[in-house]
Amino acid sequence: MEDAWGAARSAAQVWLSLVVGLIMLPAMFGVSLGITETYMKVLIKTLKWATFRIQKGRRERETLKPSPSNGIIQRDDGSMEKEIGELRRSRPKRPDGGDFTLSDVFYFSRKGLESIVEDEVTQRFSSEELVSWNLLTRTNNNFHYVSLRLTVLWGLGVVIRYCILAPLRITLAAIGISWLVIGTTVVGLLPSSRVKNWLSELVHLMCYRICARGLSATVHYHNKQNRPRKGGICVANHTSPIDVVILANDGCYAMVGQVHGGLMGVIQRSMVKSCPHIWFERSEMKDRHLVTQRLRDHVNDKTKLPILIFPEGTCINNTSVMMFKKGSFEIGGTIYPVAIKYDPQFGDAFWNSAKYNMVSYLLRMMTSWAIVCNVWYLPAMTQMEGEDAVQFANRVKSAIARQGGLVDLSWDGGLKRDKVKNTFKELEQKKYSSMVVGDDSSD
Amino acid sequence: PLWCDKVLLRASRRVEIAYFSHSQITRLYSRFHSLDKGENGALSREDFQRIPELAINPLGDRIINAFFPEGEDQVNFRGFMRTLAHFRPVEDNEKSKGHDASEPLNSRNNKLLFAFRLYDLDRDDKISRDELLQVLRMMVGVNISDEQLGSIADRTIQEADTNGDMSISFSEFIKVLEKVDVEQKMSIRFLH
């Protein structure tokens, strides 16, 4: 009994010292030992081989080679005027250009059925479907049994991910978070000074680096010269809470968010001791003027860190960028846009908050192969003359979408939970009405 | 679960299967499953209305109605495919021959019948002036006055009505639209 206890303790000590020595310390100082790189190389080779095997298996079963595109149907995005005009082609044109025919309904029925089979919005709120299986059970939608070797590989993957990687990552995350809380509290005891700020940034950076290792995150930062500066606002597309860890690995930001209870609350309270973050009470969030004023005060103080905001307001599945809420763009100040694109092959980073709570989400992250993503820092943007907040927001959104290779949508991310506003239907009705009454209509 | 239903579908010899290939059925089932928020194997009208592009379609409610058989509130996957089958392009007809002597769901006639039924709410095989006005009002919203809409409806019935009963029968409907390329305009092409 004693022996077993002693053995377990020494095993735990060895484990912990390995973790600290090989992973944590290098991470804290931004040094890489090359372990992750080797792991990634092996992983990429394995996945390539698996893809090849699956494609071979598919070819043997079906004569048609399925195209790699993910769309279901061919959507003909002709405008209402064009489509209905073609429907009315066989009729003589009336002098005022307006007309009604029984076939006008064809346009609406086809558009309606197309949206039932495949629409631009609802697909953004669930994980992206992969073109080729990446040996994770969770992404196994349509992939049939191909070969014994592949199944063995999958089984091996399960063992590695759940029994080796996951405990390792959980240990690192725990260390990272405790260090964040302890470190920031300690720094918070110092009087306000340059040294305090410098120490605070150091503590934050170290913790985020440890947390990033805790997710096996490999991030490629591009255009570092455009990195957000003090007194500015950093906006990025939102895929998951991990976005914060990814961005904070390469710079220090002032976070904005709602006050939470529990562990999150503890973390928030200690973080704010060492440098000013902006936490709102639930009741304060309803008052838009108050929110804007507090953010404006922070931005105007040029010694404070840049604010990090996700204007979509909710997590989207990283295939598109949805409407940016104009609130962040009314504060004034320079906007530093950032595009984040995850590589779905190694792990799905999207947080489907309807399906998973935070804890199960984090566990899923820690049992994926890795988190690989690209971060592009875009050149700073400011509101131009004669441009209102909405137009400015759309301009920034398009820039981010273009850089990240994401679809630029005007739909509101809030449609995840809410119904679409009636005004959009009224717009369609208005458009159609002008086709019915023609040009000399009196509105 | 996804797998069980697929086995059932493969074993089934329903007519709807003839309209879609195996991979298309799989994708449609995925889509059906993602719309089915209640996870009970059937879609309700609310499930359809959650699609934003359909919610802003002026004829959205009528289109949703087309999926639900008389008096029912739920549509299962077979019913879902059955309605979608109307929009298969006409040349993909080879597989659907030979099941029975009746016309395939995606024939020109059946496509026209689908559109006819969008107007003919009470299923009396006639589009009355009131029914026509209802659909017109749905499509134009508040932008056209009652009088103007009324005269548009009257003109349309006048052009189509051949037997003088002030309503449009299905055969009159077909005749008015004989020059329209129904096959192309009421078809949805699948990518695979």
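In the text below, chain A, chain B and the rest are named by the order of the sequence lines, each starting its count at 1.
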Value for CZ (R75(A)) from CD1 (I188(B)), rounded to nearest 0.5 Å, stands at 8.5 Å
Minimal heavy-atom distance between E53(B) and E120(A), with the atoms involved, is OE2-N, 2.8 Å
If we define contacts as heavy-atom pairs under 4.5 Å, which of Q74(A), R88(A), E428(A) has the most with chain B?
Q74(A)
Would you say the side chain of L102(A) lies within less than 4.5 Å of the side chain of I168(B), judging by non-hydrogen atoms?
yes
Below 4.5 Å, heavy atoms only, C-beta onward: do F87(B) and I73(A) meet side chain to side chain?
no
At a heavy-atom separation under 4.5 Å, does L112(B) approach chain A through its side chain, its backbone, both, or neither?
side chain
Would you say the side chain of L113(A) lies within less than 4.5 Å of the side chain of F67(B), judging by non-hydrogen atoms?
yes
Give me the atom names and distance for the closest heavy-atom approach of S103(A) to L177(B).
CB-CD2, 3.6 Å
Check this for me: R89(A), atom CZ, are more than 12 non-hydrogen atoms of other residues, nucleotides or ligands nearer than 6.0 Å?
no
Where does Y119(B) contact chain A at under 4.5 Å (heavy atoms): side chain, backbone, both or neither?
side chain
Please classify the contact between F116(B) and chain A as side chain, backbone, both or neither, with a heavy-atom cut-off of under 4.5 Å.
neither
Do the side chains of S115(A) and N57(B) get nearer than 4.5 Å, heavy atoms only?
no
Part of S187(B) lying under 4.5 Å from any heavy atom of chain A
backbone
With a 4.5 angstrom heavy-atom cut-off, is it the side chain or the backbone of R62(B) that approaches chain A, or both, or neither?
neither
Closest heavy-atom pair, M186(B) versus S109(A), reported as atoms and distance to 0.1 Å, is SD-OG, 4.0 Å
Looking at side-chain heavy atoms only, is the closest gap between M139(B) and V105(A) below 4.5 Å?
yes
Should we count CD of Q158(B) as having more than 12 external heavy atoms under 6.0 Å?
no
N143(B) and Y432(A), any side-chain heavy atoms less than 4.5 Å apart
no
What pair of heavy atoms forms the shortest contact from I51(B) to T122(A), and how long is it?
CA-CG2, 4.3 Å
Thinking salt bridges, do E86(A) and K185(B) make one under a 4.0 Å N-O criterion?
yes
If we only count heavy atoms from C-beta on, is the K111(B) to F106(A) side-chain gap below 4.5 Å?
no
What part of S34(B) gets within 4.5 angstrom of chain A, counting heavy atoms only: side chain, backbone, both, or neither?
neither
Chain A contact via L54(B) - which portion, at a heavy-atom distance below 4.5 Å:
both
Show your working on side-chain contact (heavy atoms from CB on, under 4.5 Å) between T101(A) and V180(B) and close with a plain yes or no.
CA-CA 11 Å; T101(A) 64; V180(B) 178; over 6 Å; no
Within 6.0 Å of NZ in K82(A), more than 12 heavy atoms from elsewhere
yes
Please indicate whether W154(A) has more than 12 foreign heavy atoms, meaning atoms of other residues, nucleotides or ligands, lying under 6.0 Å from its CH2.
no
What closest approach, in Å, do V437(A) and Q148(B) show between heavy atoms, and which atom pair accounts for it?
CG1-NE2, 3.6 Å
What's the shortest heavy-atom distance between P52(B) and V420(A), and which atoms?
O-CG1, 4.3 Å
As a quick check of understanding, evaluate side-chain contact (heavy atoms from CB on, under 4.5 Å) for I144(B) and F100(A), giving each step before the final call.
CA-CA 13 Å; I144(B) 299 182; F100(A) 168 74; over 6 Å; no
Distance check, rounded to the nearest 0.5 Å: I72(A) atom CD1 versus T26(B) atom OG1?
11.0 Å
Does any part of the side chain of D119(A), heavy atoms only, come nearer than 4.5 Å to the side chain of R31(B), both counted from C-beta?
yes
